[in-house]
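Below is one structure, written out as structure tokens, with a few remarks after it.
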Amino acid sequence: MPELTRRRALGAAAALAVGAGAQALAAPAASAASASPNGPAPSQGSMAGHHHGGPEAFDEVFRGRRIEGRPVTGGGHHHGAGYAVFIDGAELHVMSNADGSWISVVSHYDPVPTPRDAARAAVVELQGAPLVPFAAN
């Protein structure tokens, strides 16, 4: 039997850690998929108005700025899965990521869970400055 060296021990520990991490990541997806063949049952809130899982519309004042968000249809430069966000009437360019998070042109490297949170983060980042419209190429 070969002698146990530090190199072999660290290699075995790394292999076990990778295997455990992969299993931990796969377990939630497998349990969610096996819960129901048609996915999770829709909640009563999502059934109202035939909401299909997109972000809810909002219109509020946050730190003295009016922020709005709503589903949109048609062309334009929307990468936000058919969703538009406005700060004081100027459009804030938002994009949805593959993991469901959202980013904006103002806070591009700080993903947030919803377009409302993206608008709020932009208001904080702007510190009272007006939002300049994003010019699409």
Side-chain angles (χ1 to χ4, degrees):
M1 185 156 155
E3 184 178 323
L4 182 62
T5 64
R6 188 179 306 167
R7 178 177 283 174
R8 287 183 190 212
L10 289 174
L16 286 172
V18 168
Q23 185 178 13
L25 290 174
S31 65
S34 65
S36 170
N38 297 326
S43 66
Q44 291 295 344
S46 67
M47 294 300 289
H50 300 287
H51 185 337
H52 296 287
E56 296 286 334
F58 63 91
D59 185 353
E60 69 182 39
V61 175
F62 178 75
R63 293 192 178 185
R65 309 286 294 267
R66 183 175 182 197
I67 59 174
E68 302 171 79
R70 61 182 172 265
V72 294
T73 58
H77 59 270
H78 297 283
H79 300 286
Y83 201 84
V85 174
F86 302 89
I87 297 176
D88 296 332
E91 184 174 6
L92 172 67
H93 185 73
V94 294
M95 296 179 290
S96 61
N97 293 322
D99 65 356
S101 64
W102 290 77
I103 57 175
S104 76
V105 72
V106 174
S107 57
H108 196 78
Y109 297 106
D110 189 21
V112 293
T114 66
R116 180 189 309 247
D117 293 330
R120 289 176 174 172
V123 166
V124 170
E125 187 70 25
L126 287 169
Q127 299 179 9
L131 178 65
V132 178
F134 180 71
N137 295 350

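Along the sequence shown, residues are numbered consecutively beginning with 1. Since this is a predicted model, take the numbers as computed values, not measurements.
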**Considering all heavy atoms, the nearest Trp102-Pro113 contact** = CD1-O, 3.4 Å
**Message:** As an exercise, state the distance from CD of Glu68 to CZ of Arg66, rounded to the nearest 0.5 Å.
**Reply:** 4.0 Å
**Request:** Identify the two heavy atoms, one from Val123 and one from Arg65, that lie closest to each other, and give their separation to 0.1 Å.
**Result:** CG1-CG, 3.8 Å
**Request:** Just grab all the salt bridge (charged side-chain N to carboxylate O under 4.0 Å, His left out) pairs involving residues 118-129, residues at least two apart or on different chains.
**Result:** Glu60-Arg120
**Prompt:** Can any side-chain N or O of Tyr83 pair as donor or acceptor with the backbone N or O of Glu56 at less than 3.5 Å?
**Reply:** yes
**Message:** Please determine whether residues Leu126 and Phe62 belong to a single hydrophobic cluster, defined as Ile, Leu, Val, Met, Phe, Trp and Tyr linked transitively by side-chain heavy-atom distances below 4.5 Å.
**Reply:** yes
**Prompt:** Which pair of non-hydrogen atoms, one from Leu92 and one from Ala122, has the smallest distance, and what is that distance?
**Reply:** CD2-CB, 3.8 Å
**Message:** For the backbone of Asp99 and the side chain of Asn97, can you confirm whether one donor and one acceptor N or O come within less than 3.5 Å of each other?
**Reply:** no
**Prompt:** Taking all atoms of both residues into account, what is the closest heavy-atom pair of Arg116 and Ile67, and its distance?
**Reply:** O-CD1, 4.5 Å
**Message:** Is there a path of hydrophobic side-chain contacts, each under 4.5 Å between heavy atoms, that joins Phe86 and Val106?
**Reply:** no
**Request:** Please name the pair of heavy atoms, one in Leu131 and one in Ala90, separated by the smallest distance, quoted to 0.1 Å.
**Result:** CD2-O, 3.5 Å
**Prompt:** Which heavy-atom pair separates Ile87 from Ala119 by the least distance, and what is that distance?
**Reply:** CD1-O, 4.0 Å
**Prompt:** Just how far is it from atom CG of Asp117 to atom OG of Ser107, taken to the nearest 0.5 Å?
**Reply:** 10.0 Å
